Amino acid sequence: MPDKVHTKYILNEDEMPRAWYNIIPDLPKPPAPVLHPGTKQPVTPDDLAPLFPMALIMQEVSAEPYIEIPDPVRDVYKQWRPTPLFRARRLEKALDAPARIYYKYEGVSPVGSHKPNTAVAQAFYNKEAGVKKISTETGAGQWGSALAMAGAFFGIDIEIFMVKVSYQQKPYRRSMMEAYGATVHASPTNLTDAGRSILAKDPNNMGSLGIAISEAVEVAAKSGGTVKYSLGSVLNHVLLHQTIIGEEALLQMAKADDYPDVVVGCVGGGSNYSGLVFPFIGRARQKGLKTRFLAAEPMACPSLTKGVYAYDFGDTVGMTPLVKMHTLGHDFMPPGIHAGGLRYHGMSPLVSLLHDEGIIEAQAYHQNQVFEAATLFARTEGIIPAPEAGHAVCATVQEALQAKEAGQERVILFNLCGHGHFDMAAYDAYFAGKLEDYEYPAEEVLAAQQRMPQVG
Ligand SMILES: *Cc1c(COP(=O)(O)O)cnc(C)c1O
């Protein structure tokens, strides 16, 4: 009988899962094909070969239920994995609700978020393929720091297009990437056609994740094979690598002798959410469990709750393949909220399919309620959440309060996907009462959606 007053459930290195979980064989229907932007025909592995090493392309379409984690990747993971699973006892007390709240803490990685789970894997497969340089984009800087670190470990040069507004507002994330040896540009730049086309229209453009993706893809596409491209979210293989989170959490919940009624995470492109949730979805489908799965997103950029489920580009300029996903329109410019990692017009195709099938739920939250919940969390649990993770905290608090109202017990598990130590300016703005709650920008979304590509 486990001790009922445990606060954290830890696994030792030998207990770290040996495989990633692939949800594709457990989906109610196969994912829609990815289409070539020119021909609108399904892309082939060869079409993607200029951008990604073949091992990752094969993972993108794999139907194997589990994919073994290579030893060199496991060796790096062991520096911070397995990550702890906590029981939020002081938060529970503060809420005075009949809820048992657990959180998986990914902020213990060297860069402070879940992102290295895939950065390390991607760097490994690129290294195996003989790649010497990778281009990528970063919004708030979490992904850029993770890939910069992984590049340093595997001896690969990393070139990063960082959204200009973050480049200026978050100088320490940039320094961090440079400390790992990466090259960082403020996007839009003059280095690519995509960047130049944006600057020609608007010399003061402050950038967006979609524009930075266009620039990074262009660098790889025009390199004649010497540079590959890497994405930190959205794609199937990225979500696959993140499932180490949920595979560990399944073992840890067993150690706690408990099981969640609802599993919660924040969604930007969907990777940390899927990482925790997918193994629990697999378990629920295999065992007929009634577990709920809740995705938390910002009101200012609500792709799941307000987006259309349709084919769209992954980037702003329209260079990437077309994927079927929940989208606000590829050239929609989200307002400048502080959860930079959630400012993306689209959503992972796998998360989108699961939402469309009614397997996962979504809720959108305003910034101020997110920071209120994040502050309560800091004052009870001690960890200052990243603003993105604050959305998951906010959803969890509401779930607990709903349980209280309904007079029902509820077991909640959420992903605390990163700490907020580089985001204190956002907390400053909240404490000063200067955070704006943007209403859902309905008109701009509608206009952007009318500019989406027409597919059959
Ligand atoms: C990148 C990031 C996100 C958003 O990306 P997902 O792919 O949706 O996880 C959320 N939280 C943190 C801490 C991040 O670094």
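Small disclaimer: the values here were computed from a predicted structure and weren't measured. Only this structure's heavy atoms are used, side chains among them; waters, hydrogens and symmetry mates stay out. We count ligands from 1, going down the list as the structure has it; atoms in each ligand are counted the same way.
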- Task: If you have a sec, work out which protein heavy atom is nearest atom 4 (C) of ligand 1 and how many Å separate them, to one decimal?
- Result: G341 O, 3.3 Å

- atom 8 (O) of ligand 1 [closest protein heavy-atom partner, distance rounded to 0.1 Å]: G268 N, 2.7 Å

- S271 heavy atoms, cut-off 4.0 Å: which ligand 1 atoms fall inside? 6 (P), 7 (O), 8 (O), 9 (O)

- Task: Sequence neighbours left out, what pairs pass ring pair (Phe, Tyr, Trp, His ring centres under 6.0 Å) with at least one residue falling in residues 362-393?
- Result: Y103-F377, F371-Y427, F371-Y430, F377-F414

- Would you say E388 has any N or O atom under 3.5 Å from an N or O of ligand 1, going by distance alone? no

- Query: Under 3.5 Å, side chain of E15 to main-chain N/O of L251, donor-acceptor pair present?
  - Reply: no

- Message: As an exercise, identify every atom of ligand 1 less than 4.0 angstrom from a heavy atom of G270.
- Response: 6 (P), 7 (O), 8 (O)

- Query: Of the protein's non-hydrogen atoms, which lies at the shortest distance from atom 15 (O) of ligand 1, and what is that distance?
  - Reply: K115 NZ, 2.7 Å

- When rounded to the nearest 0.5 angstrom, what distance separates CD in E399 from CG in L95? 12.0 Å

- Task: For the pair F124 and F154, name the ring-plane relationship: parallel under 30°, tilted 30 to 60°, perpendicular over 60°.
- Result: perpendicular

- Say whether, by atom type as modelled, one donor and one acceptor occur between the side chain of S348 and the main chain of G270 under 3.5 angstrom. no

- Query: Where's the contact between V267 and ligand 1, heavy-atom distance under 4.0 Å: side chain, backbone, both or neither?
  - Reply: backbone

- Message: Quick check on A389 - does any of its heavy atoms sit under 4.0 Å from an atom of ligand 1?
- Response: no

- Item | Donor + acceptor pair across side chains of E159, T183 (<3.5 Å) | no

- Are K306 and Y440 in a cation-pi setup, meaning NZ or CZ lies under 6.0 angstrom from the ring centre and within 45 degrees of the ring axis? yes

- Query: How far is atom 7 (O) of ligand 1 from its nearest protein heavy atom, and which residue and atom name does that atom have?
  - Reply: S233 OG, 2.5 Å

- Message: With nothing but distance in play, are any N or O atoms of H114 less than 3.5 Å from an N or O of ligand 1?
- Response: yes

